[in-house]
Structures are given as structure tokens and as C-alpha cells.
2 protein chains.
Amino acid sequence: MLSPVAGSAIVVRQSSRAPLTAAQPSARCSGCAMRHLCMPQGLPTEELPKLEALICAARKVRRGEALYRSGDRFDSLYAVRSGSLKTLIVNRDGREQITGLRLAGDALGLDGIATDVHAFSAVALEDSSICTLPYAALKTLCRESGTMQDRLHRLMGDQFNQEASQMMVLGSLTAEERVAAFLLDVSSRNWQRGYSQAEFRLRMSREDMGSYLGITLETVSRILSRFQKRGLIDAQGKLIRICDIEGLQTV
Amino acid sequence: MLSPVAGSAIVVRQSSRAPLTAAQPSARCSGCAMRHLCMPQGLPTEELPKLEALICAARKVRRGEALYRSGDRFDSLYAVRSGSLKTLIVNRDGREQITGLRLAGDALGLDGIATDVHAFSAVALEDSSICTLPYAALKTLCRESGTMQDRLHRLMGDQFNQEASQMMVLGSLTAEERVAAFLLDVSSRNWQRGYSQAEFRLRMSREDMGSYLGITLETVSRILSRFQKRGLIDAQGKLIRICDIEGLQTV
DNA sequence: CGAATAGTTGAGGACTCTCAATCGGTGTGG
DNA sequence: CCACACCGATTGAGAGTCCTCAACTATTCG
């Protein structure tokens, strides 16, 4: 159980364990996010300037604000430079369902590719900084460079697999297993970013977590308390410390 | 409720209502599947021969056989020419979860793009015929043609949105709503293919349906019976007739 | 500092699951 | 051609998980 189908980190992979310190000096994409797509490593050097020139513009989004909304016209992909966002769908009767949590380094906006209109909304969970990648320019670049093309494809594929993994969570795990899987996922993604895997500030509310996991906020809360009593975690509001990773992994 | 985030048909779209008759004479892709990607419409004519030459080779898969398995090396995308398949993931403890149903015209294999290894398995629900699209050739073609590039991207985006829609189903609908949503989805996809939206043969077992919908096979069966008593459907094993679409839509 | 929001905990009930028996088709062999 | 076995589907009864409603506490932000 608790089996993500594939590694859950979307963009950041084997590459880095180097800490992404809070202060990223440049407003460019150099230190940012979406390494696979955005970063020079492995790119023929002549393509570097193109990438730099065309692609990454920074943008700030404040806590609670939307980077884009469901129904907005799609014209750019995004990468989280710092901060975090949630993606969500609003269904007909107005209820919203969280579809994902995007941390620094994650890509955002793929939900608009199919129809040129965003299917999700993306809302900042804290003040965040976002790289913008104009999709048209990106496509052009991908036509010129097979490396870039590959990266974009992999990026899309990763998102696809990550969603599949979440389908698995929603389709076959109990509430406890879902919460455990979620904590482990965040922990692992934190670790891949060079932060602590044991302790992190989870800026989603209990309600958001519940919505993401297909359970109610009360159940989330109860389960966190239960985990705490069992010594698996130490949660104080949004600050979560994982005390027993293996314990969490075995439900 | 019952709100797919985007149209659920992946490849086949506004284009066709023309019946895709059972006998497709050519072994090529002309009548097949994956129109957006595969078919000539809108493509500069000089690219047509390339596409025909490079891309579509047909292949048969018999009921119960796997087109590919989780863990297999990824090198091609596929399009269902005729028949139907289910995609599934096997998690650590050996349980499998159905992740999708692919009908004629649907694309298949995207689950391998991220890692060069298939995350899903694809198993035929009936004897089926499959177009193979070597991924390397496809990439080359997409670098030469913006139209092809766009189509491939949209194809991937569609799959992404379809999964998101399923996450929504799994995350926020009751068992009855899930079954109704599933029937309506299949009905609509059938209709888009030029077949009846009211009557179709659903080749998944109750167990498969349950797995796909995150409920047990018994619950699926009970709910189908309930729907039948209410006059919403008329189900005889795998043959399903929808009597009251609007009724199904309102739960 | 205080109002509003977020989180915790409890009790009762609803929904879905589990276990089990039965029914029904399909294919095989006598 | 029929009997039987086998697999899938149906239906029932009881149990368990999770939800709903509600009260209360803690935290956050103006």
C-alpha cells in the first residue's frame, strides 16, 4: 500500500540535493524551479541565451491570490520559484476539490494545454514567486531543440503519472493510509528540494488536505491526532514533524 | 455533481459523428483512432507521406492479453483502432487498480513518457486492433511540424484533464454518483464515436468497474440494480441501455 | 485585543465494505 | 445433447469506517 506509481517529484529529480536557500537573488530562472525544462544543464550552449531571453519572467502571487483561474485563457506555463500553491477544480455545484500541491520547483499550468483554457485554478498558499514561461515561445524552442522537447514531454508525463498516483490513493486507500501517504509525499518532496524530510510547514488547511484526499477535514484532524498519539508524528497546527517514517509507511 | 472537468473524449472531438463502421479496410491509420494526431486534416500535404510512412503500423491484441505491461520499456504510443482496453496499475501489495478505459480512437501509452518505462499496464477487454506510433519518429515529426507538435501536446493535455476529472469522481462523489458518472462518460464517448449513446456493451467486469471507481464490485452491482429498478437503465450483464439520461445526470 | 477563522473532539448515523449464499451464463466433456 | 464445473453477477445480513452535526478551543490577522 501507499504506493505512488512513480516518484512524485515532478520536475526536480536526481539532479539536486543542493539546498535552495530562501533568498534567490536573481529574478531570472537560474535558481528556479522546473530544472529539467528551464535549466541549462545539458543544453547546447548556443541555446542558453535564447532560453534566458525568451522564457523566465518572475511574478509574485500573494497568499490566497490566484495565479490563474479555471476558465482563464491559457498562454503560459509556470514554475514555482518559492512558496507553494494549491491547484483546484470547481465543479458545477460550486464545491471545490483540491487536485494538487505545488512546491518550489514544481511546474504549473499544464491543465490549459488541451483546450487553451485552464481547467484548474492555482491559488497561492503563501506569498510565492512564480516563473512564467510563455507557451508559444516554449513550443518554438522545443522545435529547435530535441533536448528541450524531451524535457517538456517528460514534464508533462511526470504530471500525468503524479495524477495517476493520486488516483490510486483516492481509489484504494483508507483514510489513514491517505493521510500517511500524503505526509510521506510531502516529506519526500521536501527532501528532494534539500530541506528536512522530517519537519515542514504544511500550508494547506485541514479542509484543503481533506479535499485533496477525498475525506472530511474532521477525519484529517482525527487521524493526525491519532498518528500523534501513536508517536508517528508531532503536529502543531501547520508545522509537522515526522517522528517515525517507517511507521507511517506501514500504514 | 457528476462534473467532468473537461470533455472526456481524448482524441476524437468535434470532428466526427460519422459512424466508424466495424470493418475498417486498411491496416493503416486512415480510419483509425487518434485523429488529432494521426489524421491528415489540417496537415500541410507535404507532411502526409511522412506520417503515413513513419507512423501507423497495426497490431492485434487478444482479449486478456497485454499491449504493454507496467515496467516495460516505453518506445511507442498507441491508438486503439478497434476494440477496447483497460489501463491499470499494480501496487506493491499486488492489488491492481484500473486507471482508465480506452475505446476505439483513444490514445494509449502516455504513461511511459516521463521515465521511458510504462507505469501502467494496458490489457485488452476484447480482441482489439492497435496502431503503433514509434515515439522517436513522432518526436522528429513534431519538430518539423508545428501542427503535429500542437496535436501531440493537446493529446497529452487531454489525458491529463481526463485523469483530473477522474480524481474528482474519486474524491467527491458518492458510489451512486460515481457509477452514474461512469455510465454517462461511456455513453458520451460512444456517441462521439458515432455509436448509440443509449446502448452499448461495456466489456469491463463489475470488478474492473469497481476498481476504476474506487468501490467494490458488490456495490457496483447493487447500484446498477437500483438504477434499473428506478427505470434509469436496463442492464443485462455487460449490455447496458440507458433509459433516462437526465435522470442519471441528476444523481 | 478581539473577532473571525482554523482546528479539535465527541456522539450518532449513514454509507459502503466484508462475508456468504445463490443465481446465471459459458464452455467442456461425457 | 445434456450435465457439470467454473466464473461472473446478484443479493442479503452484519460490521466498520467515515460523515454529519455540534460544541469547544486555538490561532491568526486586522
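All chains are named by letter (A, B, ...) in the order of the sequence lines, taking the proteins before the strands, and each is independently numbered beginning at 1. These numbers were taken from a predicted model, which means no experiment stands behind them.
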Could you tell me how far apart B:L217 (CG) and D:dT10 (P) are, to the nearest whole angstrom? 10 Å

Identify the pairs formed between an N or O of the protein and an N or O of nucleotides 19-21 of chain D at a distance under 3.5 Å, and give each distance.
| unit_1 | atom_1 | unit_2 | atom_2 | d |
| --- | --- | --- | --- | --- |
| D:dC19 | OP1 | A:T216 | N | 3.3 |
| D:dC19 | OP2 | A:T216 | N | 3.4 |
| D:dC19 | OP2 | A:T216 | OG1 | 3.1 |
| D:dC19 | OP2 | A:T219 | OG1 | 2.4 |
| D:dT20 | O4 | A:R222 | NH2 | 3.0 |
| D:dC21 | N4 | A:E218 | OE2 | 3.2 |

Which residues pass the ring pair (Phe, Tyr, Trp, His ring centres under 6.0 Å) test with B:Y68, not counting sequence neighbours? B:Y78, B:H118

Within this structure, what is the CZ-to-P distance between B:R63 and C:dG27, rounded to whole angstrom? 9 Å

For the pair made of CZ in B:R178 and P in C:dC15, what is the distance, rounded to whole Å? 14 Å

Would you say that A:N91 contacts A:Q97 through its side chain, given a criterion of any heavy-atom pair below 4.5 Å between the two side chains? no

Roughly, in whole Å, what's the span from CD1 in A:I240 to P in C:dG7? 10 Å

Ion pair A:D127/A:R203, N-O distance below 4.0 Å: no

Rounded to the nearest 0.5 angstrom, the CD-CD1 distance for A:Q228 and A:I240 is 9.5 Å

Within this structure, what is the OG1-CG distance for the pair B:T132 and B:L77, rounded to the nearest 0.5 Å? 10.0 Å

To the nearest Å, how far apart are A:I233 CD1 and C:dT8 C1'? 13 Å

I'd like to know if the side chain of A:E177 reaches the main chain of A:T174, judged simply by a donor and an acceptor atom lying under 3.5 Å from each other, with no hydrogens or angles considered. yes

Respond yes when some side-chain nitrogen or oxygen of A:K238 is under 4.0 Å from OP1 or OP2 of C:dG7, and no when none is. yes

To the nearest 10°, let me know how far the axis at one end of the helix from C:dC1-D:dG30 to C:dG30-D:dC1 is tilted from the axis at the other, five pairs an end. 40°

In terms of side-chain geometry, is the basic nitrogen of A:E176 or A:R230 positioned less than 4.0 Å from the acidic oxygen of its partner? yes

Side-chain N or O of B:S221 versus OP1/OP2 of D:dG8: is the shortest distance under 4.0 Å? no

Can you measure A:R206 atom CZ to C:dT5 atom P for me and round it to whole angstrom units? 18 Å

Give the rounded distance in Å between these two atoms: CE of B:M209 and P of D:dT10. 9 Å

Please report whether the ring centroid of B:F200 lies less than 6.0 Å from that of B:Y195. no

In whole angstrom, what separates A:I223's CD1 from D:dC18's C1'? 9 Å

Is the backbone of A:R62 close enough, under 3.5 Å, to the side chain of A:E65 for a donor and an acceptor to pair up by distance? yes

